> 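First, the structure itself, so that you have it in front of you.
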Amino acid sequence: METTEQMLARRRLELSHEAALRVGGSLDVRRTAQDLADVLVPTLGDLAGVELAQAVFDGTDPPRGLGGGDLHLRHAALAPATVGPLTGIDLGDELPPVPDSPLLRGLQQGITVTLGRDELTAMLGDPELVELLLPKSFSWVMLAPLWARGFLLGDVTVWRIDRSDPFTQEDADLLTEVASRAALALDNARRYTREHRAAVALQERMLPPATTDTPAAETAGAYLPAGDGVDIGGDWFDALALPSLRVALVIGDVVGHGMHASAGMGRLRAAIQTLADLELEPEEVLTRIADLVNRLAAEAPPAEQDGIGATCLYAVYDPVTGRCTMASAGHPPPVVIRPDGTVHIVAISPGAPLTVGGMPYETTTIDIEPGSVLALYTDGLMERESLDLDDALRRLTTRLAVSSGPEADLVDVGQALLADLAVQPRRDDMALLLARTRSIPKEATALWEFRADPAVVAEARKQTARQLTAWGLQDLVFATELIVSELVTNAVRYAGGPVGLRLLRHDVLVCEVTDPSNTQPRLRRAHTTDEGGRGLFLVAQLTSRWGCRYGRNGKTIWAEQPIDNPR
């Protein structure tokens with residue numbers, strides 16, 4: 001026959017074992033506090049609660065101090081949860097200031113305290129505090145501090161309501177042991193909260209605005225971390241406005257999770273923005289980014305080199321021609337949802353991931369109707385959809401086709417799609433970029449081609465003035481004539497023919513001159529006695545910005561002027 005003493009010893013041993021198994025299985029502060037309260041009831045008492053410093057929820061260090069007053073504690077957990085609040089403090093509420101006492105100071109110094117009802121009531125002194133903090137009927141209460149790594153995180157309280165037997169020293173020792181282990185678990189959760197918030201803040205600063213509105217496209221991006229929102233990774237998206245009313249659409253996925261992945265994503269995104277300003281072809285952008293990834297891997301410690309890698313898709317859409325040119329470095333293909341609801345998966349050559357250097361990338365060019373939605377995504381959106389990637393891609397395209405109608409709000413579409421996928425446990429984060437394409441009307445463009453003859457400069461000026469007058473931009477005629485004169489003259493003199501001249505009107509006036517030479521134009525300040533060398537200097541002074549991009553057969557020099565009242 002098991003004696004009462006043996007039975008109690010066995011229950012305490014079981015409680016200690018259960019606490020070791022249950023408390024600390026989560027890195028969530030509230031979940032850990034609730035697990036602690038749950039294991040104490042009913043073995044030690046009828047009701048258990050956990051109060052934690054506000055700093056624990058924030059991930060910061062709790063304040064150090066002794067005595068009463070405002071302890072900055074919040075009610076974090078209650079067990080059993082089915083009984084509801086037995087005091088005036090609900091879960092999540094802040095505890096009011098309490099008076100100083102030797103027992104309170106002993107608790108703050110690490111001593112487990114046992115009190116009867118009359119003793120605790122006398123210590124509080126204030127009837128309002130008694131009404132607010134104490135259950136309606138209880139006989140004994142035991143409080144243990146939650147100490148970990150030199151910080152007092154809060155306390156755990158056990159109440160006896162239905163039984164009048166007092167807590168024993170063995171009960172106090174057991175609660176001290178359980179609270180000590182639980183405090184380490186709570187401190188781990190606190191420190192994880194701090195690291196996670198730092199990673200989230202880092203990535204939020206690195207990600208672009210969720211929406212953009214350019215002449216080429218309306219875009220909306222969405223991102224969702226892995227692990228139910230706790231594992232920040234390296235997925236990113238970008239929509240970059242380019243000269244000549246174009247837009248670059250970028251999406252990528254850095255290997256791994258945490259601060260290292262977020263930092264790597266930030267470096268790649270900054271590099272791509274710089275390369276986009278150089279107006280390189282998509283395959284050239286990926287080639288240079290692959291070189292950067294290999295340099296990052298070479299700089300990393302040997303044990304981490306195999307974990308550095310990324311995939312990326314870079315696309316450039318031109319609203320004048322309606323064409324989209326793209327290249328992929330191991331990234332899933334984009335999806336085009338046409339205005340009539342039909343779906344097209346772009347057949348691109350994925351190329352090697354960015355970790356594999358020295359491999360060429362192929363460019364794919366497609367025509368996109370205005371009003372179509374171009375969807376770029378990371379492979380996290382297809383995770384757990386199916387073991388077969390083709391089937392997962394078909395399911396994804398079906399969802400996009402159903403939700404991405406001509407009148408659909410792209411922000412709502414992206415958030416709904418990610419929320420639909422978020423109901424499942426995720427091992428990988430997800431990023432989605434949706435772009436609804438636009439077009440520049442033919443009447444807002446003008447194009448001419450001239451032979452390599454100095455006499456054509458006057459004709460170019462004449463055609464320019466006539467077109468600007470037709471567009472109602474008489475105030476820009478003089479400056480644009482001068483810009484065209486300088487650029488066409490340089491093309492005829494140094495590059496030969498044919499020379500192309502194109503004007504684009506939107507919220508800015510774009511002037512482009514194309515020639516067959518690949519020579520880089522250079523801006524210089526001419527000396528007083530020089531007869532030439534002032535052309536590009538004048539262009540720079542008359543425009544808001546200018547630049548040069550190279551094609552397969554020559555280059556294009558462009559210049560932009562703001563329009564005060566675009567129509």
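This one's a predicted model, so the numbers in the text were calculated from it and none came from an experiment. Reckoned from all heavy atoms, side chains included, excluding hydrogens, waters and symmetry mates.
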> Which residue pairs pass the ring-ring contact (aromatic ring centres under 6.0 Å, His included) test with at least one member in residues 102-157, sequence neighbours excluded?
F138-W159
> With distance as the sole criterion, is a donor-acceptor pair present between the side chains of D235 and Y223 under 3.5 Å?
no
> Within the 4.5 Å heavy-atom criterion, are P62 and L52 side-chain neighbours or not?
no
> Under a 4.5 Å cut-off applied to non-hydrogen side-chain atoms, are E18 and L21 in contact?
no
> Using side-chain heavy atoms (C-beta onward) and a distance below 4.5 Å, is L381 in contact with L417?
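Answer yes - side chains close enough.
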> Out of curiosity, D35 CG to L186 CG, how far, rounded to the nearest 0.5 Å?
9.5 Å
> Looking at F167, I'd like to know if the NZ or CZ of R160 sits under 6.0 Å from its six-membered ring centre while staying within 45 degrees of the ring's axis.
yes
> What closest approach, in Å, do R22 and D38 show between heavy atoms, and which atom pair accounts for it?
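Looking at all heavy atoms of both residues, the closest pair is NH2-CB, 3.5 Å.
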> Between S403 and R399, is there a donor-acceptor pair closer than 3.5 Å when you use the side chain of the first and the backbone of the second?
yes
> Show, in sequence, the C-alpha distance, side-chain angles and deciding distance for D291 and R288, and conclude whether the salt bridge (charged side-chain N to carboxylate O under 4.0 Å, His left out) test is met.
CA-CA 5 Å; D291 293 338; R288 299 198 181 194; over 6 Å; no
> Does a side chain donor of either T168 or D171 reach within less than 3.5 Å of an acceptor in the other side chain?
yes
> How long is the span from the CZ atom in F237 to the OG1 atom in T378, to the nearest 0.5 Å?
10.5 Å
> Is there a donor-acceptor pair under 3.5 Å between the side chain of R246 and the backbone N or O of P243?
yes
> Using modelled atom types only, decide if a donor and an acceptor are shared between the side chain of Y314 and the backbone of A329 within a distance under 3.5 Å.
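Not a single qualifying donor-acceptor pair exists.
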> Using only heavy-atom distances, determine whether the side chains of S26 and T32 contain a donor-acceptor pair under 3.5 Å.
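Absent: no donor and acceptor within the cut-off.
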> On a heavy-atom basis, which atom in L286 and which in L354 lie closest, and how many Å separate them?
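That would be O-CD2, 3.8 Å.
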> Looking only at side chains, do D58 and Q54 share a donor and an acceptor under 3.5 Å apart?
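The criterion, which ignores hydrogens and geometry beyond distance, is satisfied for Q54 and D58.
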> Is the backbone of D90 close enough, under 3.5 Å, to the side chain of D93 for a donor and an acceptor to pair up by distance?
yes
> Any donor and acceptor pair, going by atom type alone, linking the side chain of Y192 with main-chain N or O of D187 inside 3.5 Å?
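The answer is no, because no donor-acceptor pair under 3.5 Å joins these two groups.
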> In the structure I gave you, are the side-chain heavy atoms of R194 and T60 within less than 4.5 Å of one another anywhere?
no
> What closest approach, in Å, do L104 and G67 show between heavy atoms, and which atom pair accounts for it?
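Result for this residue pair: CD2-O, 3.8 Å.
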> Donor-acceptor pair, distance only, cut-off 3.5 Å: does the side chain of D253 make one with the backbone of T311?
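No; zero donor-acceptor contacts below 3.5 Å.
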> Just checking R105: does its CZ atom have more than 12 heavy atoms from other residues, nucleotides or ligands closer to it than 6.0 angstrom?
yes
> Report yes if the side chains of L73 and D155 come closer than 4.5 Å at any heavy-atom pair, otherwise no.
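They are in side-chain contact.
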> Does any non-hydrogen side-chain atom of T157 lie less than 4.5 Å from one of E51?
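When only atoms from C-beta onward are counted, T157 and E51 do touch, with a gap below 4.5 Å.
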> Can you confirm whether V285 sits close enough to V250 that some side-chain heavy atom of one is under 4.5 Å from a side-chain heavy atom of the other?
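Result no, sub-4.5 Å side-chain heavy-atom pair not found.
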> Is the number of heavy atoms from other residues, nucleotides or ligands under 6.0 Å of E131 CD greater than 12?
no
> Measuring from atom CD1 of I89 to atom CG of L78, what distance do you get when rounded to the nearest 0.5 angstrom?
12.0 Å
> Would you say the side-chain atoms of T274 pair up with the backbone N or O of A270, donor to acceptor, closer than 3.5 Å?
yes
> Tell me if a side-chain donor or acceptor on N294 pairs with a main-chain N or O of A290 at a distance below 3.5 Å.
yes
> Any donor and acceptor pair, going by atom type alone, linking the side chain of D28 with main-chain N or O of R31 inside 3.5 Å?
yes
> State which residues pass side-chain hydrogen bond (donor to acceptor under 3.5 Å, both in side chains) with D213; sequence neighbours excluded, sorted by chain then number.
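Here the qualifying residues are R438.
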> How far apart are the closest heavy atoms of L47 and P135, and which atoms are they?
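Nearest pair, atom of L47 first, then P135: CD2-CG, 4.3 Å.
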> To the nearest 0.5 Å, how far apart are CZ in R74 and CG in L91?
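R74 CZ to L91 CG: 12.0 Å, rounded to 0.5 Å.
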> Answer whether the closest heavy-atom distance between the side chains of L143 and T112 falls below 4.5 Å.
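A side-chain contact under 4.5 Å is absent here.
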> So, S180 side chain and E177 main chain: donor-acceptor pair closer than 3.5 Å or not?
no
> Is it the case that atom CZ in R30 sees more than 12 heavy atoms from other parts of the structure closer than 6.0 Å?
no
> Can you see which heavy atom on A276 is nearest to which on L240, and at what distance?
CB-CD1, 3.7 Å
